[in-house]
Amino acid sequence: MKIWIALIALLAPVAAQAADNVSLASEVLVERVKPDAQGKPQVVQEKPNVVVPGDKLVFVLNYRNGGAEPATGFTVTNPIPAAVSFAGGEDSQAVVSIDGGRSWGKLASLKVAQPDGTSRSAVPADVTHIRWSFSQPIAASSGGKLSFRGVVK
């Protein structure tokens, strides 16, 4: 079954806190294996037109401080789209939520309550949000990139 996805549907709303002069631009790329000029398999990232269950996605958030002063106290929170299973972040400073953004931590430290009163360790499929909090100011006229991976359900 093919899933036709407009980029708007994949780009979950991103919330940025503080640092009003920092802008965000989001994009989603699909990662596929294609033959190179010599016929050898090569991993490529491209803008998706159609994705199907199992496709690997890379969510990219570009940020830029357009202000004249360093931006401090900047935090970016990105919900994981419902049609996507979280497959990891590429920044060790990121934290995740498994409860809709009510609490945060490293995935390895989070527990999921079970109906019988016990708990189990959280797994990537439990992640509902990812968050980055910048401990250092973002210099004026500079920026960078944040990213995380997902798999289409």
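Small disclaimer: the values here were computed from a predicted structure and weren't measured.
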Pairwise side-chain contact, [X] with [Y], heavy-atom cut-off 4.5 Å (strictly under):
X	Y	result
Arg32	Asp55	yes
Ile130	Ile80	yes
Asp126	Leu110	no
Asn21	Glu69	no
Phe59	Val84	yes

Is it the case that more than 12 heavy atoms not belonging to Lys106 sit under 6.0 Å from its NZ atom?
-> yes

Which word best sums up how the rings of Trp132 and Phe148 line up, parallel for under 30°, tilted for 30 to 60°, or perpendicular for over 60°?
-> tilted

In terms of ring plane angle, is the pair Tyr63 and Phe134 parallel, tilted or perpendicular, where the classes change at 30° and 60°?
-> perpendicular

Taking all atoms of both residues into account, what is the closest heavy-atom pair of [X] and [Y], and its distance?
X	Y	value
Val22	Ile138	CG2-CD1, 4.2 Å
Gly101	Thr128	N-OG1, 3.9 Å
Ser119	Gln114	CA-CG, 4.1 Å
Pro79	His129	CA-CD2, 3.5 Å
Leu29	Pro48	CA-CD, 4.2 Å

Stepwise side-chain contact (heavy atoms from CB on, under 4.5 Å) check, Val30 with Leu57 | CA-CA 4 Å; Val30 63; Leu57 304 175; 4.0 Å; yes

Carefully, step by step, assess Glu31 and Val44 under the rule side-chain contact (heavy atoms from CB on, under 4.5 Å).
-> CA-CA 6 Å; Glu31 196 170 76; Val44 298; over 6 Å; no

side-chain hydrogen bond (donor to acceptor under 3.5 Å, both in side chains) pairs, two or more places apart, involving residues 34-43 = Lys34-Glu46

